[in-house]
Amino acid sequence: MKSIVIKQPNELVIEEREVPQPANGEVRVKVKLAGICGSDSHIYRGHNPFVKYPRVIGHEFFGVIDEVGEGVDKSRIGERVSVDPVISCGHCYSCLVGRPNVCTSLTVLGVHRDGGFSQYAVVPSKNAYVIPDEISDEFAVMIEPFTIAANATSHLKPTENDIVLIYGAGPMGLTSVQALKGVYNVKEVIVVDRIEERLNMAKISGADRVINNTSLSLKDELDKLNIKPTVIIDAACHPSILQEAISIASPAARILIMGFSSDACQITQQGITSKELSIFSSRLNANKFPVVIDWLKKKLIDPQKLITHQFDYMQVIQAIETFEKDQKQCCKVLLTIS
Ligand code: NAI
Ligand code: MN
Ligand code: ZN
């Protein structure tokens with residue numbers, strides 16, 4: 001089989017490997033479609049501190065089960081599946097309280113263990129979620145990015161009274177827009193970014209209002225409009241954003257961050273406590289595949305709006321470079337694997 005391997009930073013090869021045998025409790029997936037995410041590019045460029053090389057990247061993938069290991073029912077062969085990249089131990093504190101995404105021995109497919117940019121991938125049977133016939137292959141491969149929004153919103157518990165402000169109109173901001181409008185039916189979604197084309201994508205995904213903050217003070221602009229966001233999601237992830245979010249938030253608001261920067265950011269107790277703000281963070285997803293599959297069945301979200309490019313996996317370098325360089329036109333880039 002052929003696998004897309006990052007041998008070391010900036011060295012990507014399409015390597016011939018032996019087709020892997022599924023171990024006890026695992027299934028083998030013949031991969032059909034995979035999505036490129038920022039973290040794949042970060043591993044390729046050597047910007048991910050957790051990864052060990054060589055590594056088969058890819059944590060967003062869909063395919064068909066073609067073999068099962070010991071202990072897995074043979075009837076699973078032939079199932080169309082999307083794979084949850086989060087592998088957890090099942091018995092640490094986080095796992096016991098339903099948060100396997102922060103398991104103390106967390107393993108993420110495509111980061112800590114070989115992932116889905118490959119003709120075949122072996123994964124734990126319970127990570128392979130069967131996809132109902134009414135959900136297309138292209139939608140099935142988009143489940144993982146939407147699980148990030150499902151996880152974030154599970155912390156925030158948005159309601160129809162909420163005015164939500166989202167920083168960043170990249171894939172993460174846009175999946176959140178769709179969930180907030182389509183699933184939670186919040187009162188208003190405002191998206192802030194510096195790229196006009198991306199703000200247009202936010203409107204197409206359902207944003208009620210967009211603000212380009214390249215050359216204006218967001219706080220002044222919101223004051224002028226008399227808007228006090230009651231929920232704020234930072235899907236742009238610059239360390240300076242949290243302080244601004246605290247200053248623009250309504251009393252009793254909830255703020256959620258998803259960034260991994262190790263740079264310090266300055267916030268004050270007064271800013272938070274005087275308005276009794278709640279601050280959440282969200283990482284990957286905690287058992288959210290069934291949630292997003294349900295959203296898709298009910299047509300509450302539309303992944304098609306985010307798919308801008310599709311390449312054959314043999315063109316993976318061109319696909320990743322397009323994804324990295326063309327932020328104006330690019331949102332989700334898919335690889336077809338034959
Ligand atoms: P992206 O880079 O495509 O999008 C970020 C957007 O934020 C860009 O459009 C950029 O113009 C905008 N932006 C940057 N600084 C801004 C500012 N100060 N104000 C307004 N807009 C600003 O990235 P993507 O894929 O959407 O991911 C967003 C972030 O989420 C990344 O930092 C990524 O590391 C993080 N992430 C976190 C996950 C988690 O589970 N916690 C999962 C996936 C991504
Ligand atoms: Mn992803
Ligand atoms: Zn655990």
Side-chain angles (χ1 to χ4, degrees), residues 34-43 47-48 57-61 83-111 115-116 141-152 155 165-177 190-202 205 210-218 221 232-245 248 256-261 280-286 288 306 308 323-333:
I36 296 176
C37 179
S39 57
D40 298 310
S41 145
H42 294 155
I43 294 171
H47 299 155
N48 182 315
I57 51 175
H59 62 269
E60 303 175 4
F61 58 106
V83 178
D84 185 345
V86 174
I87 300 175
S88 54
C89 77
H91 50 73
C92 71
Y93 172 77
S94 317
C95 285
L96 290 177
V97 298
R99 294 167 69 176
N101 53 323
V102 285
C103 172
T104 49
S105 47
L106 175 69
T107 302
V108 181
L109 288 166
V111 182
V141 75
M142 294 292 290
I143 291 172
E144 195 276 344
F146 277 96
T147 64
I148 307 297
N151 205 70
H155 290 300
L165 183 137
I166 299 174
Y167 283 95
M172 290 305 108
L174 297 180
T175 54
S176 303
V177 173
I190 304 156
V191 176
V192 183
D193 203 297
R194 287 149 179 201
I195 303 173
E196 212 47 52
E197 289 82 354
R198 287 200 151 188
L199 290 172
N200 269 330
M201 297 251 289
S205 273
V210 298
I211 298 176
N212 188 325
N213 66 340
T214 312
S215 53
L216 55 73
S217 149
L218 180 62
E221 185 68 12
I232 299 174
I233 298 176
D234 177 11
C237 305
H238 190 278
S240 66
I241 289 175
L242 182 56
Q243 174 56 31
E244 183 179 70
I248 62 177
L256 182 134
I257 57 172
M258 20 198 291
F260 289 88
S261 169
F280 297 93
S281 66
S282 183
R283 180 176 188 189
L284 303 164
N285 88 91
K288 294 297 183 277
L306 307 184
T308 53
F323 174 82
E324 290 171 340
K325 288 178 189 152
D326 193 4
Q327 280 206 314
K328 291 184 177 171
Q329 311 304 332
C330 238
C331 184
K332 187 52 72 179
V333 178

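All ligand and atom numbering here is 1-based and tracks the order in the structure.
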Could you find the nearest protein heavy atom to atom 22 (C) of ligand 1 and give me its residue, atom name and distance? A236 CB, 3.5 Å
Report the nearest protein non-hydrogen atom to atom 37 (C) of ligand 1: residue, atom name, distance rounded to 0.1 Å. M258 O, 3.2 Å
Looking at atom 34 (O) of ligand 1, tell me if a protein heavy atom falls under 4.0 Å from it. no
Keeping the roles fixed (side chain from S94, backbone from V102), state whether a donor-acceptor pair exists under 3.5 Å. yes
Give me the nearest non-hydrogen protein atom to atom 18 (N) of ligand 1 as residue plus atom name, then the distance to 0.1 Å. R194 NH2, 3.3 Å
What one should report as the nearest heavy-atom pair of P100 and S88 is CB-OG, 3.3 Å
CD on E60 to CE on M142, rounded to 0.5 Å: 7.5 Å
Taking only heavy atoms of I195, which atoms of ligand 1 are found under 4.0 Å from at least one of them? 11 (O)
Quick test: of every protein heavy atom, which one is nearest to atom 1 (P) of ligand 1, and how far off is it to 0.1 Å? R198 NH1, 3.6 Å
Do K328 and D326 have side-chain heavy atoms sitting under 4.5 Å apart? yes
Could you tell me if the side chain of Y93 sits less than 4.5 Å from the side chain of T104, heavy atoms only? no
Taking the side chain as everything from C-beta on, heavy atoms only, tell me whether D40 gets closer than 4.5 Å to H59. yes
All heavy atoms of Q327 vs all of E324, minimum pair found to be CG-O, 4.4 Å
Name the orientation class of the two ring planes belonging to H47 and H42 (parallel below 30°, tilted from 30 to 60°, perpendicular beyond 60°). tilted
Would you check the N or O atoms of I148, main chain and side chain alike, for any that come under 3.5 Å of an N or O of ligand 1? no
Going by side chain to side chain contact (heavy atoms under 4.5 Å, CB included), name the residues that satisfy it together with S215, two or more places apart in sequence or in a different chain. none
Might you check, step by step, whether the distance between atom 10 (C) of ligand 1 and some protein heavy atom is under 4.0 Å? yes
If you define the side chain from C-beta out and look only at heavy atoms, does anything of T308 sit under 4.5 Å from Q329? no
Please report which non-hydrogen protein atom sits nearest to atom 30 (O) of ligand 1, along with the residue it belongs to and the distance in Å to one decimal place. C237 SG, 3.5 Å
Scanning both residues in full, the closest heavy-atom pair of V177 with A202 reads CG1-O, 4.2 Å
Among I257, I148, N151, which residue meets the side chain to side chain contact (heavy atoms under 4.5 Å, CB included) test with S282? N151
Pick one of side chain, backbone, both or neither for how D193 approaches ligand 1, counting any non-hydrogen atom pair under 4.0 Å. both
Residue-level breakdown please: for N213 versus ligand 1, do any non-hydrogen atoms fall below 4.0 Å on the side chain, on the backbone, on both, or on neither? side chain
Identify the heavy atoms of K288 and A150 that sit nearest to each other, and give their distance. CE-O, 3.8 Å
With side chains defined as the heavy atoms from C-beta onward, is the minimum distance between L106 and L284 less than 4.5 Å? yes
Suppose we only allow N, O or S atoms; which atom of E60 ends up nearest to the Mn ion (ligand 2)? OE2
Assess D40: does it contribute an N, O or S atom lying under 2.8 Å from the Mn ion (ligand 2)? no
What protein heavy atom lies closest to atom 28 (C) of ligand 1? Include the residue and the distance to one decimal. A235 O, 3.2 Å
Heteroatom distance test (S282, ligand 1): nitrogen or oxygen, under 3.5 angstrom: yes
Side-chain donor/acceptor of K332 to backbone N/O of I36, under 3.5 Å: yes
N/O separation below 3.5 Å, R283 to ligand 1: no
Is there a nitrogen or oxygen of I241 sitting under 3.5 Å from a nitrogen or oxygen of ligand 1? no
Is there a side-chain contact between V210 and D193 (heavy atoms, below 4.5 Å)? no
Considering both backbone and side-chain atoms of F260, is one of its nitrogen or oxygen atoms within less than 3.5 Å of a nitrogen or oxygen in ligand 1? no
Within reach of ligand 1, part of M172 (heavy-atom separation under 4.0 Å): both
Do any N/O atoms on H42 end up under 3.5 angstrom from N/O atoms on ligand 1? no
What is the closest protein heavy atom to atom 40 (O) of ligand 1, and at what distance does it sit? L284 N, 2.7 Å
For atom 23 (O) of ligand 1, the protein heavy atom that lies nearest, with its residue and separation: P171 CD, 4.5 Å
Residue among V86, N101, I143 satisfying side chain to side chain contact (heavy atoms under 4.5 Å, CB included) with N285: V86
Around the Zn ion (ligand 3), how many protein N, O or S atoms are closer than 2.8 Å? 4
